Number of protein chains: 2
Amino acid sequence: MAAEALARTLDTAAALCAQRGARLTPQRRRVLEILCRTERPLGAYEILDQLREGSRALAPPTVYRALDFLLEQGLAHRLESQHAFIGCRHPGCAHQSQFLICARCGRVIELSDAGVSERLAMAARARGFEAERPVVELIGICAGCASAEPAPDCPS
Amino acid sequence: MAAEALARTLDTAAALCAQRGARLTPQRRRVLEILCRTERPLGAYEILDQLREGSRALAPPTVYRALDFLLEQGLAHRLESQHAFIGCRHPGCAHQSQFLICARCGRVIELSDAGVSERLAMAARARGFEAERPVVELIGICAGCASAEPAPDCPS
DNA sequence: ACGAGATTGAAACATTATAACGTTTCCAGG
DNA sequence: CCTGGAAACGTTATAATGTTTCAATCTCGT
């Protein structure tokens with residue numbers, strides 16, 4: 001994420017937390033910044049490594065606690081299929097997200113497609129199932145990678 | 001899964017593998033049986049414990065290899081959000097599945113809702129994304145648990 | 001300032017998954 | 001039969017991910 005966009009995202013996050021009475025402490029803010037600065041999803045231990053760069057020795061719970069907070073606040077998302085985390089691209093918009101995860105370059109597109117959400121809700125309700133936490137992740141090849149590389153079955 | 005249904009499922013699996021030239025070895029069959037006998041999804045190490053019951057000392061790769069085979073053949077599914085595995089309820093039907101996972105009782109409903117799949121495909125294609133492996137899991141409360149228990153905000 | 005509750009630090013531990021290497025089993029072709 | 005290559009399996013070790021626990025510290029309303 002570019003510097004200005006990053007600053008904007010962090011400001012939005014701070015505003016949201018203030019408004020909700022949640023505390024975006026320096027540590028949590030730092031984790032959010034690391035997440036948003038990076039295009040790819042990051043594993044908890046990758047985040048930990050970056051947090052430690054100021055030579056401080058931090059333990060895993062530090063990161064997981066910050067992540068828990070960010071997830072609760074909708075400022076970050078967990079990608080279950082990747083065991084990794086990513087900064088939310090549309091913080092504040094209360095929505096259900098779907099993720100398109102490129103298996104080649106690792107980049108992630110975050111959608112909130114109402115049609116998908118509705119269909120899922122319908123399918124669940126039809127079985128008397130009350131969905132609380134949807135996990136919708138499509139692993140595949142993004143447009144950039146598809147055009148940049150030969151098809152998997154291409155000779156040569 | 002009931003005994004007869006289990007036997008039928010294992011026969012179907014064997015037939016499918018034979019037809020494909022894949023080898024459903026005793027070990028793989030045993031893992032499939034363990035998976036199908038159980039209502040809930042099982043973690044790899046839970047399967048391992050059951051495999052070991054005949055006092056043999058097996059190591060994790062044994063289970064993971066059997067699971068890889070079963071996943072490839074569409075005889076089992078991995079539930080990413082649970083780090084667990086479940087026997088396929090409709091082996092042979094080439095389909096994309098969605099899973100409704102009850103957070104209370106742990107039971108799983110496997111769907112293959114065409115409407116959901118199509119909507120997802122559309123959303124992906126609109127971004128030039130070619131989906132290869134969909135992960136669609138809804139965590140929530142199943143009908144049985146919802147009726148059996150008081151609402152979460154119910155006093156008493 | 002004070003105390004309740006939230007946050008953080010730190011060590012140990014638990015769980016899930018894979019790497020690496022060698023051995024056995026299967027089976028098609030000679 | 002028998003044998004050579006591939007697939008399956010066994011075993012040890014280790015990587016990667018996530019949690020429990022307890023103590024120390026900070027924050028904020030009163």
Side-chain angles (χ1 to χ4, degrees), chain A residues 13-14 17-32 34-35 40-73 75-86 106 133 135 137 139, chain B residues 13-14 17-18 20-32 34-35 40-73 75-86 106 135 137 139:
Chain A
C17 287
Q19 176 184 329
R20 293 169 183 164
R23 292 166 53 194
L24 184 64
T25 63
Q27 187 136 239
R28 292 165 172 174
R29 186 187 169 92
R30 190 132 172 260
V31 169
L32 178 58
I34 289 171
L35 276 177
R40 303 180 305 100
L42 291 176
Y45 283 72
E46 289 181 280
I47 298 169
L48 188 52
D49 287 342
Q50 293 199 36
L51 270 184
R52 280 169 170 160
E53 282 190 355
S55 82
R56 299 196 302 160
L58 296 178
T62 299
V63 172
Y64 282 103
R65 286 192 282 233
L67 286 170
D68 283 346
F69 174 85
L70 296 174
L71 294 176
E72 271 173 22
Q73 299 298 323
L75 299 173
H77 300 291
R78 166 186 229 119
L79 298 179
E80 297 285 355
S81 67
Q82 313 294 111
H83 306 283
F85 303 84
I86 192 166
R133 188 166 75 89
V135 173
E137 303 173 11
I139 294 99
Chain B
C17 288
R20 294 169 182 165
R23 292 168 52 195
L24 184 65
T25 63
Q27 188 139 233
R28 290 164 173 174
R29 186 188 168 92
R30 190 130 172 263
V31 170
L32 180 57
I34 289 171
L35 276 177
R40 304 180 305 102
L42 290 176
Y45 283 71
E46 290 182 280
I47 298 169
L48 189 51
D49 287 342
Q50 293 199 36
L51 270 184
R52 279 169 169 160
E53 283 191 355
S55 81
R56 300 194 300 160
L58 296 177
T62 298
V63 171
Y64 281 102
R65 285 194 281 234
L67 286 170
D68 283 346
F69 173 85
L70 296 173
L71 294 176
E72 272 173 21
Q73 298 299 322
L75 300 173
H77 300 291
R78 165 187 227 115
L79 297 179
E80 297 286 353
S81 66
Q82 313 295 111
H83 304 281
F85 302 85
I86 192 167
V135 172
E137 304 173 11
I139 295 99

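Numbered from 1 within each chain, the chains take letters A, B, ... in sequence-line order. Bear in mind the structure is a predicted one, so any value in this text is a computation, not a measurement.
- If you take CG of A/L58 and P of D/dG18, they are 18 Å apart, rounded to a whole angstrom.
- Note that the CG atom of A/L67 and the CG atom of A/L75 stand 11.5 Å from one another [nearest 0.5 Å].
- A donor-acceptor pair under 3.5 Å is absent between the side-chain atoms of B/R29 and the main chain of B/L24, judged by distance alone.
- Here the straight-line distance linking atom CD of B/E53 with atom CG of B/L58 works out to 12.0 Å at 0.5 Å rounding.
- We find that CD of B/Q27 is positioned 9 Å from C1' of D/dG10, with the value rounded to whole Å.
- In the set D/dT11, C/dA11, D/dG18, the nucleotide with an atom closest to the side chain of A/F85 is D/dG18.
- Residues B/R20 and B/E72 are not paired through a salt bridge, judged by the lack of any N-O separation under 4.0 Å between the basic side chain and the carboxylate.
- Between B/R78 and C/dA17, a side-chain N or O to OP1/OP2 separation shorter than 4.0 Å is present.
- D/dT11 atom C1' lies 16 Å from atom CG of B/L51, rounded to whole Å.
- The aromatic rings of A/H83 and B/H83 lie parallel to each other, their planes meeting at an angle below 30°, with 60° marking the opposite boundary.
- The side chain of B/T25 has D/dA8 as its nearest neighbour among D/dG10, D/dA8, C/dA17.
- Checking the phosphate oxygens (OP1, OP2) of C/dT16, no side-chain nitrogen or oxygen of B/Q82 falls inside 4.0 Å.
- A/Y45 contributes no side-chain N or O that forms a donor-acceptor pair with the base of D/dA15 under 3.5 Å.
- Side-chain N/O atoms of B/H83 include one lying less than 4.0 angstrom from OP1 or OP2 on C/dA17.
- Using a 4.5 Å cut-off on side-chain heavy atoms (C-beta onward), B/R40 and B/E46 make contact.
- Summarising the geometry, the separation between CZ on A/R52 and P on C/dA10 is reported as 11 Å, rounded to the nearest angstrom.
- Rounded to a whole Å, the CZ atom of B/R56 is 14 Å from the C1' atom of D/dT11.
- Judged by distance alone, the side chain of A/R78 and the main-chain N or O of A/L71 form no donor-acceptor pair under 3.5 Å.
- Side-chain atoms of B/E137 come within 3.5 Å of backbone atoms of B/E80 as a donor-acceptor pair (strictly under, hydrogens ignored).
- D/dC9 atom P lies 11 Å from atom CG of B/L70, rounded to whole Å.
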Protein within reach of the bases, or only the backbone? For nucleotides 23-30 of chain D, mark each nucleotide 5' to 3' as B, S or -, using heavy atoms under 4.0 Å. ----S---
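- At whole-Å resolution of the value, CG in A/L42 and P in D/dG18 are 13 Å apart.
- For the contact set between residues 60-69 of chain A and DNA chain D, defined by any heavy atom under 4.0 Å, the members are A/P60, A/P61, A/Y64, A/R65.
- The side chain of B/R28 lies closest to D/dC9 when the candidates are D/dT12, C/dG9, D/dC9.
- Between the P atom of C/dT8 and the CZ atom of A/R30 lies a distance of 13 Å, rounded to the nearest Å.
- Taking the side chain as every heavy atom from C-beta outward, B/S81 and A/R133 approach each other to under 4.5 Å.
- Of the residues B/L35, B/V63, B/L42, the one that meets the side-chain contact (heavy atoms from CB on, under 4.5 Å) test with B/F85 is B/L35.
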